[in-house]
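First the structure, in the form of structure tokens, and then the observations on it.
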Protein chains: 2
Amino acid sequence: MDMARSQPALLDRDRLVAAAFALLEEDGLEGLSMRPLASRLGVQAPALYWHVADKSELLGLMAKAIYAVAYASVPAAADWRNWLLAFGRALRTAFASHRDGARLCATARAPRALSIADHAQTIAAPLVALHLTEQQALSFQASVISFALGWASFEANGPMHDYLDEMLDFDASFEIGLQALVRGFAI
Amino acid sequence: MDMARSQPALLDRDRLVAAAFALLEEDGLEGLSMRPLASRLGVQAPALYWHVADKSELLGLMAKAIYAVAYASVPAAADWRNWLLAFGRALRTAFASHRDGARLCATARAPRALSIADHAQTIAAPLVALHLTEQQALSFQASVISFALGWASFEANGPMHDYLDEMLDFDASFEIGLQALVRGFAI
DNA sequence: ACCTGAACACCGTTCAAGT
DNA sequence: ACCTGAACACCGTTCAAGT
């Protein structure tokens, strides 16, 4: 009835996270605060706390979304090494696809997992399908994530980037490191 | 003369950074703020801005100190692979030796380097002495730092740590990743 | 069930002024 | 040269109260 209120419709976690990403893009991680986020959603700041326990939960949801994109964009692979290579590249892309994405993921506390064992299985699944044990799958994945996250952190660090840019080919060196890592895993 | 004022003596950057580390240990990265830091030094908050341009410079100095400890603790090595292995372990130890050390280093912007070329040479020196080119030295080091920083970030992430602790041996998996990485570098 | 208004206890930083 | 006092423009979060 009231078409004048063109704004909100529904305020759920998904809209909240989407608006948070938009704000992140515009103002960076330091600009991502509750009051501007609320006003972007046509609402007062305390309203956000109905949908989310606190800011750190929001950051956790954002990090989770970034990882989800990376996992989803790994194509089917012929063997576990190729899966890990594609996963590493997908992670780097996912971190770089949002302003301060790497810093966000390095800062964010992991969202409380539902069932621990279930979740581990889900994460390990694509590698277990390619004949790794669950232990190996988790261990190798942890290494690839660490490498990609650390690398993306450096790349996004302004002064560090400018400093290294003159003597380092970021794309080529990332590729060298990733391939060294994945090739070095023994089973 | 005035022994009652047992406090400050001198307020220089070194005392500032030392106090900041002490505060970090007690209250973590979110507790590291300018007013408590100042009062710990027996001074008002604005006084800090005489010694440091802003908080991000302070964080940069802290990160630099952590890296300096890691570099200094790498023993002489017989070849560049062993140097990189020792460096990777030293980094992990250095990050873990302060509460939120990894998050601090992932967040901090690099301090403005003096002379770019000089600094690169200094950093590359131990590896160049072991017969790598400066390009290789910087590239391989960047990969090892990325891996160690990313790994330490995970390890320090409370929920993530608890979640993975049941099915992952952190020490062993770090060693596997580091060795895979360093062994994989070709020259 | 979902949101507002008002408040609490903080932040980082600037700047005139003191010594 | 080094520091204080006071202020500005913010924070995250709680909580009673509204609808």
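Every value quoted in this text rests on a predicted model; they were computed, and no experiment measured them.
When the C1' atom is used for both D:dA7 and C:dC11, the distance is 14 Å, rounded to whole Å.
Closest approach of B:Ala106 to A:Arg103, counting heavy atoms only: O-CG, 3.7 Å.
Helical stems of DNA chain C (runs of at least 3 Watson-Crick or G-U pairs, donor-acceptor distances under 3.5 Å) are listed by first residue: C:4-8 with D:12-16, C:12-16 with D:4-8.
Atom NE2 of A:His161 is surrounded by more than 12 heavy atoms from other residues, nucleotides or ligands within 6.0 Å.
Put simply, CG on B:Asp12 is 10 Å from P on D:dC2, counting in whole angstrom units. In this structure, NZ of B:Lys55 is placed 14 Å from P of C:dT14, rounded to the nearest angstrom. As a whole-Å value, the separation of B:Glu57 CD from C:dG12 P is 15 Å. Nucleotide C:dT4 holds its P atom 9 Å from the CG atom of A:Leu48, rounded to whole Å. Here C:dA16 presents its C1' atom at 14 Å from CH2 of B:Trp50, a figure rounded to the nearest Å. Straight-line distance from the CD atom of B:Gln44 to the P atom of C:dG12: 14 Å, rounded to whole Å. Taking atom CG of A:Leu16 as the reference point, atom C1' of C:dC2 lies 13 Å away to the nearest angstrom. Distance B:Leu58 CG to C:dG12 P: 10 Å, rounded to the nearest Å.
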Practice item. Show the numbers, then the answer: is there a side chain to side chain contact (heavy atoms under 4.5 Å, CB included) between B:Leu37 and B:Leu58? Key: CA-CA 11 Å; B:Leu37 177 57; B:Leu58 174 63; 3.6 Å; yes

Exercise for review: Would you please test B:Glu26 and B:Arg40 for side chain to side chain contact (heavy atoms under 4.5 Å, CB included) and show each step?
Suggested key: CA-CA 12 Å; B:Glu26 285 176 25; B:Arg40 171 180 288 264; 2.9 Å; yes

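A:Leu32 is listed as a side-chain neighbour of A:Met62, based on a closest heavy-atom distance under 4.5 Å.
Among the nucleotides C:dC11, C:dC15, D:dT13, the one closest to the side chain of B:Pro36 is C:dC11. If you check C:dG12, D:dC3, C:dC3 against the side chain of B:Val43, the one that comes closest is D:dC3.
Between A:Pro46 and A:Gly31, the residue anchored closer to the 5' end of DNA chain D is A:Gly31, taking for each the nucleotide with the nearest heavy atom. Where A:Ala45 and A:Arg35 each meet DNA chain C at their nearest nucleotide, the meeting point lying more 5' is that of A:Ala45.
Using the six-membered ring where Trp is involved, B:Phe140 and B:Phe185 have ring planes that are parallel, under 30° apart on the 30 and 60° scheme.
Using a 4.0 Å cut-off, some side-chain N or O of B:His51 falls inside it from OP1 or OP2 of D:dC3.
Taking a cutoff of 4.0 Å between a charged side-chain nitrogen and a carboxylate oxygen, B:Glu175 and B:Arg92 do not qualify as a salt bridge.
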